[in-house]
Amino acid sequence: MKSIKFIFCTMALAFTTLMSCSDDNEVDLSNRKFVRIDQSAVYVEIDENVTVTASVDTLAGDSYLLKWSVLDSDVATIEGVENNAAVITPIAVGKTVIKVETADGKLCYFSDLTVTKTPKTCYIDFGVIDSPAPFNNYRNPRDPGLVNMLDHRGRPTTFGIEVDKPFSGELARGLNNNLGLPKTASEDMFFSDGIAIPLSGFKVTGLSQGTKYTFSFYAHINDRGTETEFHVIGKNDGVAYLVNDYNLDRTVEIKGIEPNDEGVVYIEMKPGPNNVQWAKFFGVNTMVLSEEEN
């Protein structure tokens, strides 16, 4: 009979213990030693570092030396810093677990870690009239290029752009658009007169090898007979033609472009095959550079 009571009491104690650990928020930790990460699940973007913090008890927590680790170091690394914190550096998209423990190994805590990647998009406005965020403003083709352009979230990227083949100059005509762009984006541009400068272009740098990109172009002029050819060249290439005449809402896209081994893509512009404007005018108001999802 005593053995049956002993088994019953043991089972009851185990059940109570399990129930008491089901949710840290329901446990009175005031008289216990503990260490735990403030988030049970941590989410990190591939291009940003995140700091996490561990909470410790008030009994002896001030004396704890904490050790941080990541189960899969191919997904992320973690390094302890001051004030019981640690910095997570993402490496690749994926899921893993981070662990914090005391140096003696007696106390520990685990949190899920998910590394994600949101495709970056950069907006570029060509011409002397600045456009608001998220646009990066390239004011004059004779200016130095743009580096570390901001993406659509306002975060710096590795992307850069510079004039690789000269333009005739910049031009402002005060034209509007029906694309939802600010007027400042459609009223000025980089242009060339093809009879004098038959080929203009850009060099786009800082792109990631193995990633494919979409290039979208918009151009607008109050003239007739114009057409611009856009030729985007990386490991592969693509061509698109855009009629600039009184263009309120036409854009062209070139998709699936992979940069060369140096992370560079070249954009060549010239009069399109249907360009009959007297000076062979061609140009560009805006460009949108977008990472494609894998």
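The shown structure was predicted, so the numbers you read here are calculated from the model rather than taken from an experiment.
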Tell me the closest heavy-atom pair linking S40 and Y109, and the distance in Å. CB-OH, 4.4 Å
Student check: side-chain heavy atoms of Y218 and L181 closer than 4.5 Å: yes
N285 (side chain) donor-acceptor with H220 (main chain) under 3.5 angstrom: yes
Can you confirm whether the side chains of E187 and N176 place a donor and an acceptor under 3.5 Å from each other? no
Minimum side-chain heavy-atom gap L66-V35 below 4.5 Å: yes
Kindly determine whether T121 and D151 satisfy side-chain contact (heavy atoms from CB on, under 4.5 Å), including the steps that lead there. CA-CA 5 Å; T121 299; D151 68 9; 5.9 Å; no
Report yes if some heavy atom in the side chain of T102 is under 4.5 Å from a heavy atom in the side chain of K67; otherwise report no. no
Would a distance-only check, ignoring hydrogens and angles, find a side-chain to backbone donor-acceptor pair under 3.5 Å from D188 to V128? yes
Does K280 pair with D193 as a salt bridge, N-O distance under 4.0 Å? no
Would M287 and L171 show up in the same hydrophobic cluster when neighbours are defined by side-chain heavy atoms closer than 4.5 Å? no
Between the side chains of D237 and H231, does any donor sit under 3.5 Å from an acceptor? yes
Should we say atom OH of Y246 is surrounded by more than 12 heavy atoms from elsewhere, each under 6.0 Å from it? yes
Can you check side-chain contact (heavy atoms from CB on, under 4.5 Å) on V115 and K95, steps first, answer last? CA-CA 6 Å; V115 177; K95 294 183 178 182; over 6 Å; no
Passes side-chain contact (heavy atoms from CB on, under 4.5 Å), I254 versus Y213? Steps please. CA-CA 8 Å; I254 300 174; Y213 295 85; over 6 Å; no
Do V44 and I37 share a hydrophobic cluster, counting only Ile, Leu, Val, Met, Phe, Trp and Tyr and linking them when any side-chain heavy atoms are less than 4.5 Å apart? yes
If you define the side chain from C-beta out and look only at heavy atoms, does anything of N274 sit under 4.5 Å from E229? no
So does K165 have more than 12 non-hydrogen atoms from other groups sitting under 6.0 Å from NZ? yes
Surrounding NZ of K255 (heavy atoms of other residues, nucleotides or ligands, distance under 6.0 Å), is the total greater than 12? no
Less than 4.5 Å apart, side chain to side chain, heavy atoms only: is that true for V70 and V75? no
Residues S55 and D38: side-chain donor-acceptor under 3.5 angstrom: yes
Under a 4.0 Å N-O cut-off, is there an ion pair linking K212 with E258? no
Common cluster, F167/L146, ILVMFWY with side-chain heavy-atom separation under 4.5 Å: yes
Could you tell me the separation between the CG atom of N244 and the OG1 atom of T226, rounded to the nearest 0.5 Å? 4.0 Å
Look at the side chain of D112 and the backbone N and O of A41, then say whether any donor-acceptor pair between them is shorter than 3.5 Å. no
Is the backbone N or O of R142 less than 3.5 Å from a side-chain atom of N140, with the two atoms forming a donor-acceptor pair by type? yes
Going by atom types only, do D57 and Y64 share a side-chain donor-acceptor pair under 3.5 Å? yes
On a heavy-atom basis, the closest approach of G234 and V265 is CA-CG2, 4.3 Å
Quick one, T157 and N148 - any side-chain contact, counting heavy atoms below 4.5 Å? no
Mind checking the CG-CZ spacing from N136 to F159? Nearest 0.5 Å is all I need. 11.0 Å
Spacing of N222 atom CG and R173 atom CZ [to the nearest 0.5 Å]: 4.5 Å
For L150 and G154, the nearest pair of non-hydrogen atoms, with its separation, is CD2-O, 3.8 Å
If you look only at distance, which donor and acceptor atoms sit under 3.5 Å apart when one is on a side chain in residues 198-209 and the other is two or more places apart or in another chain?
residue : atom : partner : partner atom : Å
S200    : OG   : P166    : O            : 2.7
S200    : OG   : S192    : OG           : 2.6
Q209    : NE2  : D261    : O            : 2.5

Solution key, residues 86-93 side-chain donor-acceptor pairs under 3.5 Å, sequence neighbours excluded:
none

D72 side chain vs T96 backbone, donor-acceptor pair below 3.5 Å: no
Is any NZ, NE, NH1 or NH2 atom of the basic residue among K270 and E268 found under 4.0 Å from an Asp or Glu carboxylate oxygen of the other? no
Connected via hydrophobic side-chain network under 4.5 Å: V243 and V252: no
On the 0 to 90° scale, with breaks at 30° and 60°, tag the F215-F217 ring pair as parallel, tilted or perpendicular. parallel
State, without any angle test, whether S131 and D125 hold a side-chain donor-acceptor pair at a distance under 3.5 Å. yes
Qualifying ring pair (Phe, Tyr, Trp, His ring centres under 6.0 Å) pairs with a residue from residues 133-157, counting only residues at least two apart or across chains: Y123-F135, Y138-F190
Main chain of F281, side chain of Q277: is a donor-acceptor contact present, judged purely on distance under 3.5 Å? yes
Would you find more than 12 non-hydrogen atoms of other residues, nucleotides or ligands less than 6.0 Å from R153 atom CZ? yes
Under a 3.5 Å threshold, yes or no: a donor from one side chain and an acceptor from the other, between N84 and T53? no
Which pair of non-hydrogen atoms, one from F282 and one from G194, has the smallest distance, and what is that distance? CE2-CA, 3.9 Å
One should read off an interatomic distance between E162 CD and D143 CG, to the nearest 0.5 angstrom, of 12.5 Å
Common cluster, L242/I221, ILVMFWY with side-chain heavy-atom separation under 4.5 Å: no
Less than 4.0 angstrom from a charged side-chain N to a carboxylate O is my criterion; do E48 and R155 meet it? yes
Would you say V163 and P141 make side-chain contact, with heavy atoms under 4.5 Å? yes
Between K120 and the options E291, E45, E293, the salt bridge (charged side-chain N to carboxylate O under 4.0 Å, His left out) test singles out E291
Between I98 and V42, is a side-chain contact (heavy atoms from CB on, under 4.5 Å) present by the stated rule, with each step listed? CA-CA 9 Å; I98 55 178; V42 181; 4.1 Å; yes
Tightest non-hydrogen contact, residues E227 and P273, listed as OE1-N, 3.1 Å
Does any non-hydrogen side-chain atom of I124 lie less than 4.5 Å from one of T286? no
Just checking, is any N or O donor in the side chain of E292 or T214 under 3.5 Å from an acceptor N or O on the other one? yes
Neighbour count >12 (heavy atoms, 6.0 Å) for atom CD, Q39: yes
Say you draw a straight line from CG of D164 to OH of Y266; how long is it, rounded to the nearest 0.5 Å? 6.0 Å
Closest non-hydrogen atom pair, D245 against R250: O-NH2, 2.9 Å
Is it true that a side-chain atom of S186 and a backbone atom of L175 form a donor plus acceptor pair closer than 3.5 Å? yes
So, taking the atom named CG in L289 and the one named CD1 in I161, what distance separates them when rounded to the nearest 0.5 Å? 8.0 Å
